[in-house]
Amino acid sequence: MSTSPHRASDHQPEDRQDTVATGRAGHNGVLFAMCLSLVLVVASVSALNLALPDLAIDLSATNASLTWIADGYTVALAALVLPLGAIGDRIGRRNVLVAGTVVFGIASLAASFADSTTTLIVWRVVMGLGAAMIMPGTLSTITAAFPPGQRAKGVATWSGFAAAGAIIGMLAAGALLEWFSWRSIFIASAATAVVAAAAALLLSPNTKDEHPSPPDVSGAVCTALGIGTLVFAIIEGNERGWTEPVVVASLVVTVLAFTAYAWLGLRREHPLLDPALFGIRGFRAGAIVVLVQFMAVFGFFFVGLQYLQLILGYSPLKAAAALVPVAVVVLPTSQVTPHLVRRVGMKATMTVGLLLLSAGLFVISRLDVGSGYLPFLGGLVLAGFGIGLSGAVGTSAITGSLGRGQQGVASAMNDTTREVGSAVGIALMGSIYGSHYRANLPGSLDQLPPEAAEAARDSAAAGLHVADQLGAQGSALADGVKAAFMDGLSASLIAVGVIVLAAAVGCLFRAPKAPPTAD
């Protein structure tokens with residue numbers, strides 16, 4: 001996969017490319033198949049968040065274990081999406097996508113039988129491998145199949161489903177958890193993988209780079225190592241302490257890995273992802289916007305769903321339904337974003353989108369145990385408008401910065417920034433929440449039997465379970481656990497809200513006013 005700004009990987013005339021790429025299925029068929037595969041991948045990031053309270057009790061999972069259960073999937077996806085995208089460019093994107101659904105389906109089915117947190121984390125990592133095979137082909141197939149005049153609409157639809165897919169996954173998981181255990185989520189994911197594979201085979205073309213570049217093994221190793229050690233350091237740093245040798249070593253490896261990637265990439269003729277592309281203002285701005293947006297979104301889902309279930313007492317289905325307003329706002333906002341960019345410019349749209357997202361996070365960070373749902377909804381709607389604006393324009397900025405022959409590169413970069421953002425967001429917010437939760441638990445916890453006290457320290461769900469078992473005497477403990485949870489929730493939301501706000505300021509001063517047109 002070449003990332004040279006001047007290289008075209010397909011020499012066919014543009015009109016013939018559209019005919020070959022689209023085939024008999026038509027643009028709508030391609031869009032349906034790719035968005036279905038996309039939803040499968042994205043929904044699996046968010047769906048399990050609803051089961052975290054059950055996992056904390058059923059598998060005796062600590063806050064750190066819960067973070068790894070959620071993040072094992074996203075770390076594997078983020079670390080492997082670039083090299084597996086390059087393989088798809090070489091042997092056919094649909095071929096790799098369908099193979100990925102097989103890996104994903106088998107791993108998901110196996111995860112449904114897990115009887116320990118370690119086993120579940122391992123199968124979640126394998127699911128992430130399958131997802132990394134699926135994800136790159138979704139956007140690059142759309143951008144290859146759609147002519148320039150319709151590509152913005154296709155990308156906007158893809159972007160809308162990338163955000164709304166998380167809500168779809170949570171709704172499905174919530175419905176399953178009303179009648180079945182958390183294991184049913186994995187069984188349903190395996191069944192959906194079968195449907196996605198069939199749709200891809202029947203409706204989508206097998207596009208590929210007709211002139212593939214030599215594989216960049218060093219680039220693949222450096223990016224995978226850098227992403228993996230960064231997330232490990234964030235999670236374990238808050239759990240063990242930032243001065244622990246293993247944490248410090250992980251941070252050193254992260255810096256060395258990304259430095260080596262940049263150094264080697266600038267010297268290779270055909271790097272996996274050319275570091276020089278970050279010199280393109282639109283490409284750089286789009287990557288930053290997508291990164292921080294997904295950091296905020298999936299970090300929020302990780303802690304926000306626990307607020308709805310543990311503090312407001314919502315059932316899994318009701319908690320998922322409580323987040324539907326995000327999808328209701330995001331999908332239409334994504335659709336109108338291309339028109340808005342033409343009217344006011346890319347810089348203004350990016351900046352306003354990120355400002356709205358950060359405002360939503362700050363509003364929710366001000367909640368307390370007695371706030372209820374309405375203030376939460378207000379922050380949710382603000383964030384939804386921000387997600388719709390920033391997600392669509394960020395993706396369009398990345399894909400629009402590169403020509404038609406480089407859409408595999410654009411797709412891989414877009415996927416990588418999304419998944420790195422998701423992995424870092426879950427790790428960052430989960431770790432900040434966990435450390436503040438433990439630090440703010442009531443001192444009366446020490447009066448409990450050691451096993452019960454340790455369970456309460458491990459997670460808020462376990463703490464409330466212990467309080468329930470104490471009967472009337474447990475009310476004080478329940479109040480203390482809920483207050484500690486809210487302290488952790490507020491701290492994590494403020495931290496990510498500040499990052500999103502900083503990105504908004506950066507876009508205001510550094511992003512290009514007009515969208516890039518590299519075609």
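As the structure is a prediction and not an experimental result, all values here were calculated from the model. The figures that follow rest on heavy atoms only: side chains count, while hydrogens, waters and symmetry mates do not.
Summarising the local packing, CZ of F278 is surrounded by more than 12 heavy atoms from other residues, nucleotides or ligands at distances under 6.0 Å.
Counting only distance, with no hydrogens or angles, the side chain of E419 and the backbone of V75 share no donor-acceptor pair below 3.5 Å. Panel note: side chain S65, backbone A61; no donor-acceptor pair is recorded below 3.5 Å. No donor-acceptor distance shorter than 3.5 angstrom exists from the side chain of R418 to the backbone of L291, with no hydrogens or angles considered. Side chain of T333 to backbone of V329: a donor-acceptor contact under 3.5 angstrom is found. In this structure, the side chain of S390 engages the main chain of G386 through a donor-acceptor pair within 3.5 Å. Side chain of R93 to main chain of T141: no donor-acceptor pair is present (N/O by atom type, distance under 3.5 Å, no hydrogens or angles).
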Just distance, no hydrogens or angles: give the donor-acceptor pairs under 3.5 Å from side chains in residues 40-49, sequence neighbours left out.
unit_1 : atom_1 : unit_2 : atom_2 : d
S44    : OG     : L40    : O      : 2.9
S46    : OG     : A43    : O      : 3.3
S46    : OG     : A166   : O      : 2.8
N49    : ND2    : S46    : O      : 3.4

Scan the side chains in residues 223-235 for donor-acceptor partners under 3.5 Å anywhere in the protein, sequence neighbours excluded, and list what turns up.
unit_1 : atom_1 : unit_2 : atom_2 : d
T223   : OG1    : G219   : O      : 2.9
T223   : OG1    : A220   : O      : 3.1
T229   : OG1    : L225   : O      : 2.7
T229   : OG1    : G226   : O      : 3.2
T229   : OG1    : T254   : OG1    : 2.7

Considering only distance and modelled atom types, tabulate donor-acceptor pairs under 3.5 Å from the side chains of residues 299-307, sequence neighbours left out.
unit_1 : atom_1 : unit_2 : atom_2 : d
Q306   : NE2    : F302   : O      : 3.0
Y307   : OH     : G372   : O      : 3.1

Name the atoms and distances for all side-chain donor-acceptor pairs under 3.5 Å in residues 184-192, with sequence neighbours left out.
unit_1 : atom_1 : unit_2 : atom_2 : d
S184   : OG     : S181   : O      : 2.7
S189   : OG     : I185   : O      : 3.0
T192   : OG1    : A188   : O      : 2.9

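The minimum heavy-atom distance linking A196 with T101 is given by the pair CB-CG2, 4.5 Å. Taking each heavy atom of A111 and W182 in turn, the nearest pair found is O-CZ3, 3.9 Å. Smallest separation of non-hydrogen atoms from A175 and L317: N-CD1, 3.5 Å. The two atoms that bring Y433 and S492 nearest to each other are N-CB, 4.1 Å, heavy atoms only. The two atoms that bring M133 and A99 nearest to each other are CE-CB, 3.7 Å, heavy atoms only. When all heavy atoms of Y373 and A322 are compared, the pair lying nearest together is OH-O, 2.6 Å.
Applying the ring-ring contact (aromatic ring centres under 6.0 Å, His included) criterion to F32, with sequence neighbours excluded, gives no partner residue. Looking at residues two or more places apart in sequence or on another chain, you find a side-chain hydrogen bond (donor to acceptor under 3.5 Å, both in side chains) between T138 and W158.
Checked against F161 for a side chain to side chain contact (heavy atoms under 4.5 Å, CB included), the options L31, L36, V39, V330 give a single hit: V39.
Distance check: F298 CZ to D71 CG gives 11.5 Å after rounding to the nearest 0.5 Å.
Between the side chains of T337 and S334, not a single donor N or O lies within less than 3.5 Å of an accepting N or O.
Residues S396 and V341 have side chains not in contact (no heavy-atom distance under 4.5 Å, counting atoms from C-beta outward). Within the 4.5 Å cutoff, no side-chain heavy atoms of V30 are placed close to those of L203. Counting heavy atoms from C-beta outward, L308 and L323 have side chains that approach closer than 4.5 Å.
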